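Have a look at the structure below before the remarks.
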Number of protein chains: 2
Amino acid sequence: MPYATDDILQTLRAAREQTGLSQRDLSARIGVPQSHISKIESGGTDLRLSSLVELARALDYELVLVPRKLLPAVEAIVGGASMTLSGETRQRATVLNRAQAAVARLTRTHPDAAEFKRLDQTLRELANFQFGKADLATLRAVTDKLLKLPTGAAALPAAERASRQLRELRNRIAHALPEAPRPAYELDEEDDDA
Amino acid sequence: MPYATDDILQTLRAAREQTGLSQRDLSARIGVPQSHISKIESGGTDLRLSSLVELARALDYELVLVPRKLLPAVEAIVGGASMTLSGETRQRATVLNRAQAAVARLTRTHPDAAEFKRLDQTLRELANFQFGKADLATLRAVTDKLLKLPTGAAALPAAERASRQLRELRNRIAHALPEAPRPAYELDEEDDDA
DNA sequence: CATAGTGATGTGCTTAAACGTATCATCCTT
DNA sequence: AAGGATGATACGTTTAAGCACATCACTATG
(Lines give C-alpha, C1' and ligand atoms only; values in the text may rest on other atoms or scores of the structure.)
Protein backbone atom coordinates (compact mmCIF):
# COMPACT_ATOMS: atom_id res chain seq x y z
CA MET A 1 0.00 0.00 0.00
CA PRO A 2 2.03 2.95 -1.25
CA TYR A 3 1.21 5.65 1.21
CA ALA A 4 2.02 9.29 0.69
CA THR A 5 4.63 8.78 3.37
CA ASP A 6 7.15 7.10 1.14
CA ASP A 7 9.79 9.79 1.23
CA ILE A 8 9.83 9.72 5.00
CA LEU A 9 10.50 6.01 5.03
CA GLN A 10 13.08 6.39 2.31
CA THR A 11 14.81 9.09 4.31
CA LEU A 12 14.78 6.80 7.30
CA ARG A 13 16.40 3.97 5.40
CA ALA A 14 18.95 6.30 3.79
CA ALA A 15 19.80 7.71 7.20
CA ARG A 16 20.36 4.27 8.62
CA GLU A 17 22.59 3.18 5.76
CA GLN A 18 24.47 6.43 5.91
CA THR A 19 25.45 5.79 9.50
CA GLY A 20 26.53 2.28 8.58
CA LEU A 21 23.98 0.59 10.79
CA SER A 22 22.37 -2.69 9.86
CA GLN A 23 18.70 -3.25 10.54
CA ARG A 24 19.75 -5.44 13.45
CA ASP A 25 22.00 -2.74 14.87
CA LEU A 26 19.23 -0.22 14.73
CA SER A 27 16.65 -2.61 16.12
CA ALA A 28 18.94 -3.41 19.04
CA ARG A 29 19.50 0.28 19.66
CA ILE A 30 15.84 1.06 20.09
CA GLY A 31 14.80 -2.31 21.43
CA VAL A 32 12.59 -3.72 18.70
CA PRO A 33 12.95 -6.85 16.58
CA GLN A 34 14.78 -6.56 13.27
CA SER A 35 11.72 -7.85 11.49
CA HIS A 36 9.91 -4.73 12.54
CA ILE A 37 12.52 -2.43 11.02
CA SER A 38 12.29 -4.34 7.78
CA LYS A 39 8.53 -4.06 7.68
CA ILE A 40 8.69 -0.35 8.42
CA GLU A 41 11.29 0.48 5.80
CA SER A 42 9.45 -1.47 3.13
CA GLY A 43 6.28 0.44 3.91
CA GLY A 44 4.52 -2.66 5.17
CA THR A 45 3.33 -1.00 8.33
CA ASP A 46 1.73 2.26 9.37
CA LEU A 47 4.03 3.55 12.11
CA ARG A 48 2.78 5.27 15.21
CA LEU A 49 4.05 8.75 15.85
CA SER A 50 5.96 7.74 18.97
CA SER A 51 7.70 4.94 17.12
CA LEU A 52 8.60 7.22 14.26
CA VAL A 53 10.10 9.83 16.55
CA GLU A 54 12.03 7.20 18.44
CA LEU A 55 13.35 5.74 15.22
CA ALA A 56 14.29 9.13 13.83
CA ARG A 57 16.12 10.15 16.99
CA ALA A 58 18.10 6.95 17.02
CA LEU A 59 19.38 8.07 13.63
CA ASP A 60 19.96 11.63 14.79
CA TYR A 61 16.99 12.96 12.90
CA GLU A 62 14.10 15.05 14.07
CA LEU A 63 10.52 15.18 12.89
CA VAL A 64 9.36 18.65 11.92
CA LEU A 65 6.04 20.03 10.75
CA VAL A 66 6.61 22.56 7.98
CA PRO A 67 4.08 24.93 6.41
CA ARG A 68 3.74 24.23 2.72
CA LYS A 69 4.77 27.77 1.88
CA LEU A 70 8.13 27.25 3.54
CA LEU A 71 8.71 23.79 2.13
CA PRO A 72 11.03 24.84 -0.70
CA ALA A 73 13.24 26.76 1.69
CA VAL A 74 13.45 23.83 4.07
CA GLU A 75 14.08 21.33 1.32
CA ALA A 76 16.88 23.52 0.04
CA ILE A 77 18.55 23.10 3.41
CA VAL A 78 17.81 19.45 4.03
CA GLY A 79 18.57 18.41 0.50
CA GLY A 80 15.18 17.20 -0.66
CA ALA A 81 16.07 14.03 -2.48
CA SER A 82 17.95 11.90 0.03
CA MET A 83 21.04 11.41 -2.09
CA THR A 84 22.17 7.87 -2.60
CA LEU A 85 25.58 7.89 -1.05
CA SER A 86 28.63 6.37 -2.66
CA GLY A 87 29.66 2.86 -1.69
CA GLU A 88 32.88 4.24 -0.26
CA THR A 89 31.09 6.53 2.12
CA ARG A 90 28.97 3.64 3.30
CA GLN A 91 31.97 1.43 3.89
CA ARG A 92 33.62 4.20 5.84
CA ALA A 93 30.55 4.60 8.02
CA THR A 94 30.27 0.88 8.57
CA VAL A 95 33.85 0.36 9.62
CA LEU A 96 33.81 3.41 11.88
CA ASN A 97 30.72 2.01 13.44
CA ARG A 98 32.30 -1.38 14.03
CA ALA A 99 35.32 0.26 15.55
CA GLN A 100 33.20 2.20 18.00
CA ALA A 101 31.33 -0.95 18.91
CA ALA A 102 34.60 -2.76 19.57
CA VAL A 103 35.85 0.01 21.82
CA ALA A 104 32.54 0.09 23.62
CA ARG A 105 32.81 -3.62 24.33
CA LEU A 106 36.31 -3.24 25.70
CA THR A 107 35.27 -0.28 27.80
CA ARG A 108 32.53 -2.33 29.41
CA THR A 109 35.03 -4.98 30.51
CA HIS A 110 37.64 -2.42 31.57
CA PRO A 111 35.77 0.61 32.87
CA ASP A 112 38.96 1.86 34.51
CA ALA A 113 41.28 1.91 31.50
CA ALA A 114 41.83 5.49 30.32
CA GLU A 115 43.30 4.24 27.04
CA PHE A 116 39.87 3.21 25.83
CA LYS A 117 38.38 6.62 26.40
CA ARG A 118 41.24 8.03 24.39
CA LEU A 119 40.53 5.52 21.63
CA ASP A 120 36.89 6.46 21.57
CA GLN A 121 37.76 10.13 21.33
CA THR A 122 40.09 9.49 18.42
CA LEU A 123 37.38 7.58 16.62
CA ARG A 124 34.94 10.44 17.06
CA GLU A 125 37.44 12.81 15.55
CA LEU A 126 38.05 10.48 12.64
CA ALA A 127 34.33 10.48 11.92
CA ASN A 128 34.65 14.09 10.78
CA PHE A 129 37.09 13.29 8.02
CA GLN A 130 36.77 12.03 4.51
CA PHE A 131 39.49 9.49 3.86
CA GLY A 132 40.79 7.39 1.03
CA LYS A 133 41.20 3.70 0.37
CA ALA A 134 44.49 3.30 2.20
CA ASP A 135 43.15 5.05 5.28
CA LEU A 136 40.06 2.90 5.13
CA ALA A 137 42.19 -0.22 5.01
CA THR A 138 44.15 0.96 8.03
CA LEU A 139 41.05 1.62 10.03
CA ARG A 140 39.59 -1.70 9.02
CA ALA A 141 42.70 -3.58 10.06
CA VAL A 142 42.92 -1.85 13.44
CA THR A 143 39.27 -2.48 14.03
CA ASP A 144 39.71 -6.19 13.34
CA LYS A 145 42.50 -6.25 15.88
CA LEU A 146 40.29 -4.58 18.45
CA LEU A 147 37.44 -6.97 17.79
CA LYS A 148 39.65 -10.00 18.31
CA LEU A 149 41.16 -8.63 21.47
CA PRO A 150 40.60 -10.85 24.53
CA THR A 151 38.89 -9.24 27.47
CA GLY A 152 41.73 -9.95 29.85
CA ALA A 153 44.09 -7.31 31.21
CA ALA A 154 46.67 -8.61 28.76
CA ALA A 155 44.79 -6.74 26.07
CA LEU A 156 45.99 -3.37 27.25
CA PRO A 157 49.33 -3.24 25.39
CA ALA A 158 47.62 -4.18 22.13
CA ALA A 159 44.97 -1.55 22.76
CA GLU A 160 47.65 1.03 23.31
CA ARG A 161 49.29 0.10 20.04
CA ALA A 162 45.96 0.41 18.21
CA SER A 163 45.30 3.74 19.85
CA ARG A 164 48.66 5.09 18.72
CA GLN A 165 48.07 3.91 15.15
CA LEU A 166 44.69 5.60 14.99
CA ARG A 167 46.07 8.86 16.32
CA GLU A 168 48.73 8.77 13.66
CA LEU A 169 46.06 8.15 11.06
CA ARG A 170 44.02 11.06 12.33
CA ASN A 171 46.97 13.39 12.33
CA ARG A 172 48.03 12.43 8.85
CA ILE A 173 44.56 13.07 7.46
CA ALA A 174 44.08 16.24 9.46
CA HIS A 175 47.32 17.72 8.19
CA ALA A 176 46.76 16.29 4.71
CA LEU A 177 50.22 14.82 4.51
CA PRO A 178 50.87 13.13 1.14
CA GLU A 179 50.93 9.50 2.23
CA ALA A 180 52.00 7.31 5.10
CA PRO A 181 55.78 7.02 5.48
CA ARG A 182 55.40 3.28 5.65
CA PRO A 183 52.37 1.25 4.48
CA ALA A 184 49.53 2.02 6.83
CA TYR A 185 48.30 -1.56 6.90
CA GLU A 186 51.58 -2.94 8.14
CA LEU A 187 50.27 -2.88 11.65
CA ASP A 188 51.83 -5.59 13.67
CA GLU A 189 54.45 -8.25 13.84
CA GLU A 190 52.46 -10.95 12.09
CA ASP A 191 50.71 -10.45 8.74
CA ASP A 192 52.44 -8.18 6.28
CA ASP A 193 50.14 -7.04 3.47
CA ALA A 194 46.84 -7.50 1.65
CA MET B 1 1.31 10.57 28.85
CA PRO B 2 3.55 13.45 27.76
CA TYR B 3 5.33 12.07 24.73
CA ALA B 4 8.33 13.69 23.15
CA THR B 5 5.96 14.58 20.35
CA ASP B 6 4.31 17.48 22.10
CA ASP B 7 5.58 20.23 19.84
CA ILE B 8 4.23 18.45 16.81
CA LEU B 9 0.77 18.27 18.32
CA GLN B 10 1.02 21.86 19.47
CA THR B 11 1.99 22.92 15.97
CA LEU B 12 -0.98 21.00 14.65
CA ARG B 13 -3.38 22.75 16.99
CA ALA B 14 -1.83 26.15 16.32
CA ALA B 15 -2.11 25.55 12.60
CA ARG B 16 -5.76 24.66 12.90
CA GLU B 17 -6.59 27.72 14.97
CA GLN B 18 -4.57 29.92 12.68
CA THR B 19 -6.70 28.92 9.74
CA GLY B 20 -9.82 29.55 11.76
CA LEU B 21 -11.02 25.98 11.63
CA SER B 22 -12.91 24.37 14.48
CA GLN B 23 -12.19 20.81 15.45
CA ARG B 24 -15.45 19.87 13.77
CA ASP B 25 -14.49 21.66 10.56
CA LEU B 26 -11.21 19.84 10.44
CA SER B 27 -12.74 16.52 11.34
CA ALA B 28 -15.30 16.90 8.57
CA ARG B 29 -12.56 17.83 6.14
CA ILE B 30 -10.62 14.64 6.68
CA GLY B 31 -13.57 12.45 7.57
CA VAL B 32 -13.00 11.58 11.21
CA PRO B 33 -15.12 12.30 14.30
CA GLN B 34 -14.44 15.52 16.18
CA SER B 35 -13.75 13.52 19.31
CA HIS B 36 -10.75 12.06 17.61
CA ILE B 37 -9.27 15.46 16.80
CA SER B 38 -9.70 16.48 20.40
CA LYS B 39 -7.99 13.35 21.65
CA ILE B 40 -5.14 13.84 19.22
CA GLU B 41 -4.51 17.47 20.05
CA SER B 42 -4.56 16.80 23.76
CA GLY B 43 -1.98 14.07 23.31
CA GLY B 44 -4.38 11.36 24.35
CA THR B 45 -3.60 9.17 21.41
CA ASP B 46 -0.56 7.93 19.53
CA LEU B 47 -1.24 8.86 15.92
CA ARG B 48 -0.34 6.67 13.01
CA LEU B 49 1.95 8.13 10.42
CA SER B 50 -0.68 8.09 7.71
CA SER B 51 -3.14 9.92 9.94
CA LEU B 52 -0.56 12.50 10.90
CA VAL B 53 0.33 13.22 7.30
CA GLU B 54 -3.33 13.45 6.35
CA LEU B 55 -4.00 15.82 9.21
CA ALA B 56 -1.00 17.96 8.41
CA ARG B 57 -1.89 18.23 4.73
CA ALA B 58 -5.42 19.26 5.56
CA LEU B 59 -3.80 22.19 7.34
CA ASP B 60 -1.37 22.85 4.53
CA TYR B 61 1.57 21.48 6.45
CA GLU B 62 4.08 18.85 5.49
CA LEU B 63 5.96 16.36 7.61
CA VAL B 64 9.71 16.49 7.14
CA LEU B 65 12.57 14.48 8.56
CA VAL B 66 15.46 16.79 9.41
CA PRO B 67 19.00 15.83 10.44
CA ARG B 68 19.78 17.14 13.88
CA LYS B 69 22.70 19.13 12.56
CA LEU B 70 20.40 21.12 10.30
CA LEU B 71 17.68 21.59 12.88
CA PRO B 72 18.66 25.14 13.91
CA ALA B 73 18.65 26.29 10.31
CA VAL B 74 15.24 24.77 9.68
CA GLU B 75 13.78 26.11 12.88
CA ALA B 76 15.02 29.55 11.96
CA ILE B 77 12.87 29.33 8.85
CA VAL B 78 9.82 27.66 10.30
CA GLY B 79 9.81 29.77 13.43
CA GLY B 80 10.48 27.14 16.07
CA ALA B 81 8.03 28.14 18.77
CA SER B 82 4.61 28.14 17.16
CA MET B 83 3.66 31.66 18.15
CA THR B 84 0.37 32.09 19.88
CA LEU B 85 -1.51 34.39 17.61
CA SER B 86 -3.54 37.34 18.80
CA GLY B 87 -7.28 36.97 19.24
CA GLU B 88 -7.84 39.46 16.45
CA THR B 89 -5.86 37.41 13.99
CA ARG B 90 -7.89 34.38 14.95
CA GLN B 91 -11.19 36.18 14.48
CA ARG B 92 -10.02 37.37 11.11
CA ALA B 93 -9.15 33.83 10.08
CA THR B 94 -12.45 32.50 11.33
CA VAL B 95 -14.61 35.00 9.54
CA LEU B 96 -12.63 34.68 6.34
CA ASN B 97 -13.13 30.99 6.58
CA ARG B 98 -16.86 31.32 7.06
CA ALA B 99 -17.06 33.65 4.13
CA GLN B 100 -15.30 31.20 1.88
CA ALA B 101 -17.59 28.43 3.06
CA ALA B 102 -20.63 30.57 2.26
CA VAL B 103 -19.35 31.31 -1.22
CA ALA B 104 -18.56 27.65 -1.75
CA ARG B 105 -22.12 26.72 -0.83
CA LEU B 106 -23.55 29.27 -3.25
CA THR B 107 -21.20 28.13 -5.97
CA ARG B 108 -22.43 24.57 -5.59
CA THR B 109 -26.02 25.65 -6.17
CA HIS B 110 -25.12 28.07 -8.96
CA PRO B 111 -22.18 26.58 -10.80
CA ASP B 112 -22.79 28.90 -13.69
CA ALA B 113 -22.74 32.27 -11.91
CA ALA B 114 -19.47 34.07 -12.63
CA GLU B 115 -20.13 36.49 -9.78
CA PHE B 116 -19.32 33.82 -7.23
CA LYS B 117 -15.96 33.06 -8.75
CA ARG B 118 -15.22 36.76 -8.53
CA LEU B 119 -16.30 36.75 -4.89
CA ASP B 120 -14.06 33.83 -4.12
CA GLN B 121 -11.13 35.55 -5.78
CA THR B 122 -11.71 38.71 -3.76
CA LEU B 123 -11.78 36.70 -0.57
CA ARG B 124 -8.49 35.03 -1.42
CA GLU B 125 -6.95 38.43 -1.95
CA LEU B 126 -8.31 39.69 1.32
CA ALA B 127 -6.66 36.78 3.09
CA ASN B 128 -3.32 38.38 2.38
CA PHE B 129 -4.12 41.54 4.31
CA GLN B 130 -4.03 42.52 7.92
CA PHE B 131 -7.09 44.55 8.71
CA GLY B 132 -8.57 46.46 11.64
CA LYS B 133 -11.75 46.23 13.65
CA ALA B 134 -13.92 48.18 11.24
CA ASP B 135 -12.80 46.07 8.32
CA LEU B 136 -13.43 42.95 10.33
CA ALA B 137 -16.96 44.11 11.10
CA THR B 138 -17.58 44.78 7.43
CA LEU B 139 -16.41 41.37 6.41
CA ARG B 140 -18.44 39.75 9.16
CA ALA B 141 -21.59 41.56 8.11
CA VAL B 142 -21.19 40.69 4.46
CA THR B 143 -20.50 37.10 5.37
CA ASP B 144 -23.68 36.92 7.41
CA LYS B 145 -25.61 38.21 4.42
CA LEU B 146 -24.07 35.57 2.21
CA LEU B 147 -24.82 32.83 4.71
CA LYS B 148 -28.48 33.79 4.88
CA LEU B 149 -28.83 34.05 1.14
CA PRO B 150 -31.47 31.74 -0.32
CA THR B 151 -30.31 29.33 -2.97
CA GLY B 152 -32.74 30.61 -5.60
CA ALA B 153 -31.73 32.64 -8.60
CA ALA B 154 -33.10 35.67 -6.76
CA ALA B 155 -29.94 35.65 -4.68
CA LEU B 156 -27.82 36.95 -7.52
CA PRO B 157 -28.43 40.70 -7.06
CA ALA B 158 -27.63 40.41 -3.36
CA ALA B 159 -24.51 38.47 -4.18
CA GLU B 160 -23.47 41.15 -6.60
CA ARG B 161 -23.93 43.77 -3.93
CA ALA B 162 -21.83 41.77 -1.48
CA SER B 163 -19.17 41.27 -4.08
CA ARG B 164 -18.95 44.99 -4.75
CA GLN B 165 -18.67 45.77 -1.06
CA LEU B 166 -15.85 43.30 -0.60
CA ARG B 167 -13.95 44.66 -3.56
CA GLU B 168 -14.26 48.14 -2.10
CA LEU B 169 -12.98 46.80 1.20
CA ARG B 170 -10.04 45.14 -0.49
CA ASN B 171 -9.17 48.29 -2.44
CA ARG B 172 -9.37 50.48 0.61
CA ILE B 173 -7.04 48.24 2.60
CA ALA B 174 -4.70 47.70 -0.31
CA HIS B 175 -4.29 51.41 -0.87
CA ALA B 176 -4.29 52.14 2.86
CA LEU B 177 -6.89 54.86 2.58
CA PRO B 178 -7.65 56.54 5.92
CA GLU B 179 -11.14 55.19 6.57
CA ALA B 180 -14.31 54.28 4.79
CA PRO B 181 -16.25 57.30 3.45
CA ARG B 182 -19.37 55.97 5.06
CA PRO B 183 -19.56 53.42 7.89
CA ALA B 184 -18.50 50.09 6.50
CA TYR B 185 -21.18 48.17 8.32
CA GLU B 186 -24.01 50.12 6.72
CA LEU B 187 -24.43 47.50 4.13
CA ASP B 188 -27.97 47.29 3.00
CA GLU B 189 -31.30 48.93 3.00
CA GLU B 190 -32.62 47.31 6.15
CA ASP B 191 -30.65 47.37 9.40
CA ASP B 192 -28.81 50.61 10.05
CA ASP B 193 -26.24 50.22 12.81
CA ALA B 194 -24.87 47.96 15.54
C1' DC C 1 -33.45 32.70 28.61
C1' DA C 2 -32.71 30.06 24.51
C1' DT C 3 -29.92 28.64 20.91
C1' DA C 4 -25.79 27.40 18.51
C1' DG C 5 -21.05 26.40 18.30
C1' DT C 6 -16.94 25.35 20.84
C1' DG C 7 -13.73 21.56 22.84
C1' DA C 8 -13.34 17.70 26.18
C1' DT C 9 -14.95 12.93 27.59
C1' DG C 10 -16.94 8.33 27.64
C1' DT C 11 -18.29 3.53 25.77
C1' DG C 12 -18.02 -0.18 22.60
C1' DC C 13 -16.38 -2.55 18.41
C1' DT C 14 -13.00 -3.77 14.78
C1' DT C 15 -8.70 -3.82 13.05
C1' DA C 16 -3.86 -3.54 12.94
C1' DA C 17 0.66 -1.93 15.13
C1' DA C 18 3.99 -3.57 18.25
C1' DC C 19 6.51 -7.27 19.74
C1' DG C 20 8.67 -11.94 20.23
C1' DT C 21 10.54 -15.68 17.89
C1' DA C 22 11.83 -18.08 14.00
C1' DT C 23 12.95 -19.14 9.18
C1' DC C 24 14.55 -17.93 4.66
C1' DA C 25 17.53 -16.61 0.47
C1' DT C 26 21.40 -13.89 -0.62
C1' DC C 27 25.88 -12.14 -0.35
C1' DC C 28 30.55 -11.75 0.95
C1' DT C 29 34.73 -13.39 3.02
C1' DT C 30 37.61 -17.20 4.39
C1' DA D 1 32.37 -25.31 0.08
C1' DA D 2 31.72 -23.30 4.80
C1' DG D 3 30.90 -19.37 7.62
C1' DG D 4 28.76 -15.09 9.19
C1' DA D 5 25.96 -11.14 8.31
C1' DT D 6 22.54 -9.11 5.63
C1' DG D 7 17.38 -8.02 4.75
C1' DA D 8 12.72 -10.04 3.85
C1' DT D 9 8.76 -12.98 5.65
C1' DA D 10 5.72 -15.71 8.55
C1' DC D 11 2.88 -16.64 12.73
C1' DG D 12 0.80 -15.71 17.21
C1' DT D 13 -0.35 -12.56 21.06
C1' DT D 14 -1.38 -8.21 23.22
C1' DT D 15 -2.48 -3.66 23.16
C1' DA D 16 -4.42 0.43 21.41
C1' DA D 17 -5.70 3.40 17.20
C1' DG D 18 -9.47 4.34 14.44
C1' DC D 19 -14.12 5.06 14.16
C1' DA D 20 -19.07 5.85 15.44
C1' DC D 21 -22.28 7.64 18.52
C1' DA D 22 -23.37 10.25 22.56
C1' DT D 23 -22.91 13.48 26.21
C1' DC D 24 -20.98 17.26 28.74
C1' DA D 25 -19.56 22.13 30.29
C1' DC D 26 -18.48 26.48 28.44
C1' DT D 27 -19.05 30.57 25.67
C1' DA D 28 -21.02 33.71 22.70
C1' DT D 29 -24.97 34.98 20.09
C1' DG D 30 -29.98 36.09 19.17
Side-chain angles (χ1 to χ4, degrees), chain A residues 1 3 5 9-10 12-14 16-17 19-55 58 87 90-91 93-95 97-98 101-102 136-137 140-141 143-144 147-148 191 194, chain B residues 1 3 5 9-10 12-17 19-55 58 87-88 90-91 93-95 97-98 101-102 136-137 140-141 143-145 147-148 190-191 194:
Chain A
M1 200 180 295
Y3 274 120
T5 66
L9 301 183
Q10 279 185 350
L12 235 35
R13 166 169 259 151
R16 176 181 62 79
E17 292 177 342
T19 46
L21 290 172
S22 71
Q23 288 184 346
R24 279 185 172 81
D25 292 335
L26 181 56
S27 72
R29 190 179 284 198
I30 63 181
V32 306
Q34 173 265 332
S35 63
H36 198 207
I37 303 286
S38 174
K39 266 182 268 181
I40 289 171
E41 288 187 349
S42 56
T45 198
D46 194 0
L47 274 158
R48 304 217 179 133
L49 177 53
S50 62
S51 310
L52 175 58
V53 170
E54 197 177 13
L55 198 49
R90 256 185 75 178
Q91 286 185 336
T94 303
V95 71
N97 201 56
R98 287 164 61 89
L136 188 68
R140 203 191 296 269
T143 301
D144 283 352
L147 280 171
K148 288 169 189 162
D191 65 86
Chain B
M1 197 180 296
Y3 275 119
T5 66
L9 301 183
Q10 279 184 351
L12 235 35
R13 165 169 261 151
R16 177 181 60 80
E17 292 177 343
T19 46
L21 290 173
S22 72
Q23 288 184 346
R24 277 185 176 81
D25 292 335
L26 182 56
S27 72
R29 190 178 286 199
I30 62 181
V32 306
Q34 171 266 330
S35 62
H36 199 208
I37 303 287
S38 173
K39 271 180 253 180
I40 289 171
E41 287 187 351
S42 56
T45 196
D46 194 0
L47 274 159
R48 305 218 179 131
L49 177 53
S50 61
S51 310
L52 175 57
V53 170
E54 197 177 13
L55 198 50
E88 285 193 357
R90 253 183 77 180
Q91 286 184 336
T94 303
V95 70
N97 202 56
R98 287 163 61 89
L136 188 68
R140 204 191 296 269
T143 301
D144 282 353
K145 289 278 185 294
L147 279 171
K148 287 169 191 163
E190 53 263 37
D191 64 88

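Below, read A as the first sequence line, B as the second, and so on, with proteins coming before strands; counting in each chain starts at 1. Keep in mind that what you see is a predicted model, and the values were worked out from it rather than measured.
The CG atom of L47(A) sits 10.0 Å away from atom CD of E41(A), with the distance rounded to the nearest 0.5 Å. From I30(B), atom CD1 reaches atom CD1 of I37(B) across 4.0 Å, with rounding to the nearest 0.5 Å.
Between the C1' atom of dA17(C) and the CG atom of L9(A) lies a distance of 14 Å, rounded to the nearest Å. Between the CD1 atom of I40(B) and the P atom of dG18(D) there is a distance of 6 Å, rounded to whole Å. Atom CG in L47(A) sits about 14 Å away from atom C1' in dC19(C), given to the nearest Å. For the pair L49(A) CG and dA17(C) P, the interatomic distance rounds to 15 Å; values are reported in whole Å. We find that CD of E41(A) is positioned 12 Å from C1' of dT6(D), with the value rounded to whole Å. One can place CD of Q23(A) at 10 Å from P of dT6(D), the figure rounded to the nearest angstrom. Distance H36(A) NE2 to dA17(C) P: 8 Å, rounded to the nearest Å. Rounded to whole Å, the distance from CD on E54(A) to P on dA18(C) is 10 Å.
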Can V32(B) and E54(B) be said to form a side chain to side chain contact (heavy atoms under 4.5 Å, CB included), step by step? CA-CA 11 Å; V32(B) 306; E54(B) 197 177 13; 5.7 Å; no

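The base of dC19(D) does not come close enough to the side chain of S35(B) for any donor and acceptor atom to sit less than 3.5 Å apart. In terms of polar N and O atoms assigned as donor or acceptor, the side chain of S38(A) never comes within less than 3.5 Å of the base of dT9(D) in a complementary pairing. One cannot find a donor-acceptor pair under 3.5 Å joining the base of dG18(D) and the side-chain atoms of R48(B). On a pure distance criterion of 3.5 Å, a polar donor-acceptor pair joins the side chain of Q34(B) and the base of dA8(C). Side-chain atoms of R24(A) come within donor-acceptor range of the base of dG7(D), with a qualifying N/O pair under 3.5 Å.
Of the residues near DNA chain D, G44(B) and G31(B), the one whose nearest nucleotide (by heavy atom distance) lies more toward the 5' end is G44(B).
OP1 or OP2 of dG7(D) lies within a sub-4.0 Å distance of a side-chain N or O belonging to R16(A). Side-chain nitrogen and oxygen atoms of S51(A) include at least one within less than 4.0 Å of the OP1 or OP2 phosphate oxygen of dA18(C). At dG7(C), none of the side-chain N or O atoms of R13(B) fall inside 4.0 Å of OP1 or OP2 (strictly under the cut-off). For T45(A), a side-chain nitrogen or oxygen approaches OP1 or OP2 of dA17(C) to under 4.0 Å. Residue S42(B) places none of its side-chain N or O atoms closer than 4.0 Å to OP1 or OP2 of dA8(C).
For the side chain to side chain contact (heavy atoms under 4.5 Å, CB included) with R16(B), the qualifying choice from L55(B), D25(B), L26(B) is L26(B), the only one to do so.
At distances below 3.5 Å, at least one donor-acceptor pair connects side-chain atoms of D46(B) with backbone N or O atoms of S50(A).
I37(A) comes within 4.0 angstrom of no nucleic acid atom, judged by non-hydrogen atoms across all strands.
When each of dA20(D), dG18(D), dA17(C) is scored by its nearest atom to the side-chain atoms of K39(B), the top-ranked nucleotide is dA20(D).
The two residues Q23(B) and S38(B) make their nearest non-hydrogen contact at OE1-CB, 3.5 Å.
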